[in-house]
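Notes for the one structure printed next.
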Amino acid sequence: MSSSSTLASEISQAQTEALSAIAGALDAAGLRSVQAELAGKKSALTVLRSQLGKIQDAEERKSAGQAIHACAQTIEAAIGERMALLLAGERAQQVASEAMDLSEFVTAKRRGSTHIVTQATQRLEDVFIGLGFQVAEGPEVETDFYNFEALNMPKTHPARSEFDTMFIEPASADQEPNSVLLRTHTSPVQIRVMQSWKPPIYAVMPGRVFRRDTPDATHMPVFHQIEGIVVDKGITFAHLAGIIEAFTKAFFGNEFTSRLRPSFFPFTEPSAEFDIRRANGAWIELGGCGMMHPNVLRAGGIDPDEYTGFAFGFGIDRMAKERHNVEDIREMYTNDLRFLRQFS
Ligand code: PHE
């Protein structure tokens, strides 16, 4: 090294070459090998550094060392900057190449809509609100008391076995087995409404119910019912028949009529089954009804000597099925968009 000016130009040349090699690296792997070369024994900077010791003048040696150090820092910064740029580009490319096109089945923008059971429930509520009823709801997980006992079905009552009940496992060892269950009908809400409202009561109570059942064209283990009660002074069976007929016409249309057939339910006396008749003469079974049993009124905290009442309950899914001529009730629950969109 003949003079400091030669050294300075050699450092500047090393830096220029290093920076152009860095700029020329096209990917992170390429840049890494440039980086390794620049730090290696044969790199211009390493060679210059090894020659520092030969400079006699201490001042000169110090400033040469500082110049080499500054050059090394510039190179290092350039590597860092280029590396960040290359990695970001590679990451963006990877994301783009791994992205999945999930839009293949979407042919047009569509709004969702309510399910036909929800639509039927809302229409039912509208019809009954129009008849002066209020809407109430109760829990899906019920106690034996509300689902059976309060409805005039003591522990040994044979009618209990007709409700293929699904029980909830006891939460602790001291909880009586089979005392908590998934409600098998909406009738327990009768009791809850009577306990919390004062007569006169005109209420409908829609909701989900559960029974151990194998799904087929007309049955599902989870389905929907709407319960109705009227508790007032002087309520008779004629009022019940009138409400059923008014509802049938309002919901299905004027060409429909209804009929009541004698039946049995532990919670109503007398009890009836009600059917509706299509314009073509076909009868469709809808649900049960009757005058509320005095024991049921009592369980709801109402004096049966002062008040009488009637109750009815029917399946909403079956009604939606009839209204829309659905062949198989299971179709309503497979969530096939081709089915659902017919009713949007
Ligand atoms: N809870 C009865 C059932 O699920 C229907 C019903 C309700 C009958 C109210 C009479 C009165 O079968």
Side-chain angles (χ1 to χ4, degrees), residues 104-128 130 135 137 140 161-166 182-187 204-228 243-263 265 271-289 312-344:
E104 57 184 321
F105 294 119
V106 178
T107 51
K109 274 189 189 155
R110 280 198 77 116
R111 283 226 207 153
S113 63
T114 47
H115 190 268
I116 53 171
V117 170
T118 307
Q119 289 173 18
T121 307
Q122 287 170 351
R123 263 183 59 92
L124 284 165
E125 289 176 6
D126 285 350
V127 166
F128 281 108
V135 180
E137 276 182 19
E140 294 175 351
S161 61
E162 283 166 30
F163 298 97
D164 295 295
T165 312
M166 291 195 263
L182 294 177
R183 66 178 178 193
T184 57
H185 50 175
T186 42
S187 299
V204 284
M205 301 141 257
R208 210 149 50 139
V209 301
F210 310 81
R211 287 187 203 176
R212 244 180 22 215
D213 215 342
T214 311
D216 65 26
T218 53
H219 295 88
M220 286 292 284
V222 180
F223 56 106
H224 301 79
Q225 285 187 336
I226 186 161
E227 192 83 10
I243 283 289
I244 299 275
E245 179 70 8
F247 148 75
T248 302
K249 292 213 171 342
F251 189 82
F252 290 96
N254 268 330
E255 67 278 19
F256 279 78
T257 51
S258 65
R259 79 174 172 199
L260 298 173
R261 282 180 290 119
S263 185
F265 297 101
S271 301
E273 207 96 31
F274 65 94
D275 308 328
I276 55 164
R277 196 178 74 118
R278 284 176 181 278
N280 68 8
W283 288 99
I284 302 145
E285 236 184 80
L286 260 200
C289 60
F312 58 85
F314 53 85
I316 300 176
D317 311 68
R318 194 169 288 181
M319 274 197 14
K321 178 178 178 292
E322 287 309 323
R323 242 177 81 82
H324 298 290
N325 294 309
V326 176
E327 293 242 320
D328 190 325
I329 213 159
R330 288 170 293 191
E331 276 191 283
M332 307 205 308
Y333 295 102
T334 50
N335 289 340
D336 186 329
L337 287 177
R338 291 165 303 179
F339 174 83
L340 296 172
R341 278 179 183 156
Q342 298 175 83
F343 312 103
S344 63

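Each residue takes its place number in the sequence, starting with 1.
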Do any N or O atoms from the side chain of E245 and from the backbone of S258 form a donor-acceptor pair under 3.5 angstrom? yes
Would you say the side-chain atoms of T184 pair up with the backbone N or O of T165, donor to acceptor, closer than 3.5 Å? no
E327 atom CD, neighbour heavy-atom count above 12 within 6.0 Å: no
Mutual orientation of the aromatic rings belonging to F312 and F128 [parallel < 30°, tilted 30-60°, perpendicular > 60°]: parallel
Between R183 (side chain) and R208 (backbone), is there a donor-acceptor pair under 3.5 Å? yes
Can we call the ring centroids of F274 and F247 under 6.0 Å apart? no
Between G313 and E227 the two heavy atoms that sit nearest each other are CA-OE1, 4.0 Å
Paired with V117, the side chain to side chain contact (heavy atoms under 4.5 Å, CB included) test is passed by just one of M319, K321, M332, namely M332
Heavy-atom check, side chain of T186 versus side chain of P206, under 4.5 Å: no
Do I329 and T218 have side chains that approach each other closer than 4.5 Å (heavy atoms only, starting at C-beta)? no
Measure from the ring center of F251 to the ring center of F256 and say whether it is less than 6.0 Å. no
Exam field: side chain E273 to backbone S263, donor-acceptor pair closer than 3.5 Å: no
From CZ (R278) to CZ (F252), nearest 0.5 Å: 8.5 Å
Hey, does H219 have a side-chain heavy atom less than 4.5 Å from the side chain of T214? no
Under 4.5 Å between any side-chain heavy atoms of K249 and T257, yes or no? yes
For the rings on H115 and Y333, is their centre-to-centre separation under 6.0 Å? yes
I need the L286 CG to I244 CD1 distance, nearest 0.5 Å. 8.5 Å
Min side-chain heavy-atom separation I316-L124 under 4.5 Å: yes
Hey, are R259 and D275 close enough for a salt bridge, meaning a charged N less than 4.0 Å from a carboxylate O? yes
With the side chain counted from C-beta on, respond yes when I116 and V326 share a heavy-atom pair under 4.5 Å apart, and no when they do not. yes
Here the gap from E285 atom CD to R261 atom CZ, rounded to the nearest 0.5 Å, amounts to 5.0 Å
Please tell me if the side chains of L340 and N335 come closer than 4.5 Å, counting only heavy atoms from C-beta onward. yes
Is there a side-chain contact between R323 and R123, using heavy atoms and a 4.5 Å cut-off? yes
I need the E137 CD to M205 CE distance, nearest 0.5 Å. 11.0 Å
Working for side-chain contact (heavy atoms from CB on, under 4.5 Å), residues M220 and D317: CA-CA 9 Å; M220 286 292 284; D317 311 68; over 6 Å; no
Can you tell me how far apart CZ (F339) and CZ (R330) are? Round to the nearest 0.5 Å. 12.5 Å
Q122 side chain to Q119 backbone, donor-acceptor under 3.5 Å: no
